[in-house]
Amino acid sequence: MVKAPPAPPGSEAELMDRVLHISGRTLGELAAQFSIAVPRDPIHAKGWAGQLLERVLGATAASAPEPDFQDLGVELKTIPVNPHGTPLESTYVCNVPLEPSSRAPNWESSTVRRKLARVLWLPIIVTPQSSLAQRPVGRGMLWSPDPVQAGSLRQDWEELMDQVCLGQLESITSHLGTCLQIRPKAANARARRWGVGAQGERIRTGPRGFYLRSNFTAGILREYYAN
DNA sequence: TGCTGATCATGA
DNA sequence: TCATGATCAGCA
């Protein structure tokens with residue numbers, strides 16, 4: 001039976017009820033229910049699982065810089081995991097504000113903190129042989145950073161943004177940060193944005209994103225599935 | 001073989 | 001074009 005995309009969930013409880021109902025279903029089954037084609041080529045399927053689950057669960061924000069479930073303030077993150085529940089990839093959080101006018105003055109008002117304040121982690125279980133359609137959805141979990149996690153995120157954010165503000169963009173590598181890192185985030189290596197150079201001058205530089213390291217998200221998932 | 005740097009699709 | 005959704009693939 002083909003289903004219409006659902007209305008946004010009215011509460012976290014309703015959202016988690018929907019999550020419970022898709023747990024164990026494969027991406028192929030869910031796509032079929034909503035008459036969505038499954039891409040054949042993984043190279044051209046980046047992000048497809050995330051967009052499928054947004055529709056299945058009734059997310060609203062589309063490509064706006066807003067939480068996926070705007071009314072609930074909940075961000076949806078699908079995350080590929082192996083059968084043990086260990087993440088296979090880092091997780092994109094948001095873009096890095098490179099221009100002074102777009103930068104938050106402190107951690108409290110940063111996009112990173114707001115995005116991560118409430119996250120629905122939805123594991124997609126990946127085995128070496130499984131096609132995209134064969135991958136099952138795992139048990140979703142609603143998460144907010146505990147004080148230790150929040151402290152680590154804040155420390156990384158402050159260190160990284162210090163570098164951005166000081167015009168040290170070109171020396172920022174993905175090696176910095178224990179849980180949060182800055183990496184390129186662009187359609188290709190030619191993309192440019194305005195940023196700040198070492199003398200405070202405006203420069204053209206590659207767009208970058210904040211990502212959560214996979215060992216950090218591994219800790220989040222472990223904590224939950226142990227209970 | 002884990003991680004970094006690069007890349008692909010879609011929508012407003 | 002730039003934000004979202006992420007995964008790919010080569011190299012240390």
Side-chain angles (χ1 to χ4, degrees), chain A residues 5 8 27 30-31 34 36-70 74-82 84 86-99 101-104 110-112 114-116 119-128 130-135 137-138 140 156 160 163 169-195 204-219:
Chain A
L27 298 181
L30 294 171
F34 291 86
I36 294 168
V38 181
R40 300 196 174 167
D41 177 4
I43 294 218
H44 302 289
K46 300 179 185 182
W48 177 81
Q51 291 172 353
L52 170 67
L53 271 310
E54 283 184 352
R55 293 174 67 168
V56 167
L57 295 174
T60 49
S63 66
E66 296 288 330
D68 297 297
F69 300 95
Q70 291 165 294
V74 171
E75 175 77 12
L76 171 65
K77 291 290 180 200
T78 59
I79 181 165
V81 300
N82 67 18
H84 303 292
T86 304
L88 302 176
E89 296 284 353
S90 52
T91 303
Y92 170 70
V93 179
C94 59
N95 62 17
V96 177
L98 300 174
E99 294 195 86
S101 61
S102 60
R103 291 200 290 250
S110 70
T111 309
V112 173
R114 284 182 294 145
K115 280 264 186 182
L116 298 181
V119 177
L120 170 58
W121 295 103
L122 204 47
I124 306 295
I125 299 159
V126 177
T127 53
S130 67
S131 71
L132 197 55
Q134 292 169 332
R135 295 174 183 171
V137 176
D156 281 350
L160 291 166
Q163 299 297 303
L169 275 175
E170 306 305 330
S171 61
I172 293 180
T173 82
S174 314
H175 300 275
L176 294 172
T178 61
C179 54
L180 200 61
Q181 61 181 176
I182 287 180
R183 304 226 304 271
K185 168 67 170 169
N188 55 59
R190 270 80 63 198
R192 297 285 97 170
R193 295 287 184 281
W194 287 109
R204 294 297 271 168
T205 187
R208 292 162 172 82
F210 282 112
Y211 293 77
L212 294 177
R213 292 183 176 279
S214 46
N215 62 14
F216 182 75
T217 50

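Reminder, nothing fancy here: chain letters follow the sequence lines and each chain counts from 1. Side chains included, hydrogens not; waters and symmetry mates left out as well; all remaining heavy atoms used.
You'll find that the side chain of A:Pro184 is closest to B:dG5, out of C:dA6, B:dG5, C:dT7. Minimum atom distance to the side chain of A:Tyr92 is reached by C:dT4, of the listed C:dT4, C:dG5, B:dT4.
Judged by distance alone, with hydrogens and angles left aside, the side-chain atoms of A:Arg135 form no donor-acceptor pair with the main-chain N or O of A:Pro80 at under 3.5 Å. Within the 3.5 Å criterion, the main-chain N or O of A:Tyr211 finds no donor-acceptor partner in the side chain of A:Gln181. The closest donor-acceptor contact from the side chain of A:Arg193 to the backbone of A:Ala191 lies at 3.5 Å or more, if one exists at all. Judged purely by atom type and a 3.5 angstrom limit, A:Lys77 has no side-chain atom pairing as donor or acceptor with the backbone of A:Gly50.
Between B:dA6 and A:Arg183, no contact under 4.0 Å exists linking OP1 or OP2 to a side-chain N or O. Proximity of A:Ser174 to the phosphate of B:dG5: a side-chain N or O atom is located under 4.0 Å from OP1 or OP2. OP1 or OP2 of B:dT4 lies within a sub-4.0 Å distance of a side-chain N or O belonging to A:Arg213. Residue A:Asn95 has a polar side-chain atom (N or O) positioned under 4.0 Å from OP1 or OP2 of C:dA3. When the side-chain nitrogen and oxygen atoms of A:Arg55 are compared with OP1 and OP2 of B:dG11, none of them lie within a distance under 4.0 Å.
At a threshold of 4.0 angstrom between heavy atoms, the contacts of A:Ala186 include nucleobase atoms, whether or not backbone atoms are also involved. Counting any heavy atom pair closer than 4.0 Å across all strands shown, A:Gly50 reaches sugar-phosphate atoms only and no base atom. At a threshold of 4.0 angstrom between heavy atoms, the contacts of A:Pro39 with the nucleic acid are absent. When heavy atoms are screened at a 4.0 angstrom cut-off, A:Pro207 is found touching no nucleic acid atom at all. Contact annotation for A:Thr78: backbone-only contact, meaning every heavy-atom pair under 4.0 Å involves sugar-phosphate atoms and none involves a base.
A donor and an acceptor atom sit less than 3.5 Å apart, one in the side chain of A:Tyr211 and one in the base of C:dA6. On a pure distance criterion of 3.5 Å, a polar donor-acceptor pair joins the side chain of A:Lys185 and the base of C:dG5.
Along DNA chain C, the nucleotide closest to A:Leu76 and the one closest to A:Ile43 are compared, and the more 5′ of them pairs with A:Leu76. Map A:Glu89 and A:Gln51 each onto its nearest nucleotide of DNA chain C; the residue landing nearer the 5' end is A:Gln51. Closest-nucleotide positions on DNA chain B for A:His175 and A:Arg190 were compared, and the one nearer the 5' end corresponds to A:His175.
Rounded to an integer number of Å, the gap from A:Arg114 CZ to C:dA3 P is 14 Å. Atom NE2 of A:His44 is separated from atom C1' of C:dG5 by 16 Å (rounded to the nearest Å). As rounded to whole Å, 21 Å separates atom P of C:dT7 from atom CZ of A:Arg40. A straight line from CZ of A:Phe216 to P of B:dC3 spans 15 Å, rounded to a whole angstrom.
A side-chain contact (heavy atoms from CB on, under 4.5 Å) with A:Leu57 holds for exactly one of A:Val74, A:Leu52, A:Leu120, A:Asp68; it is A:Leu120.
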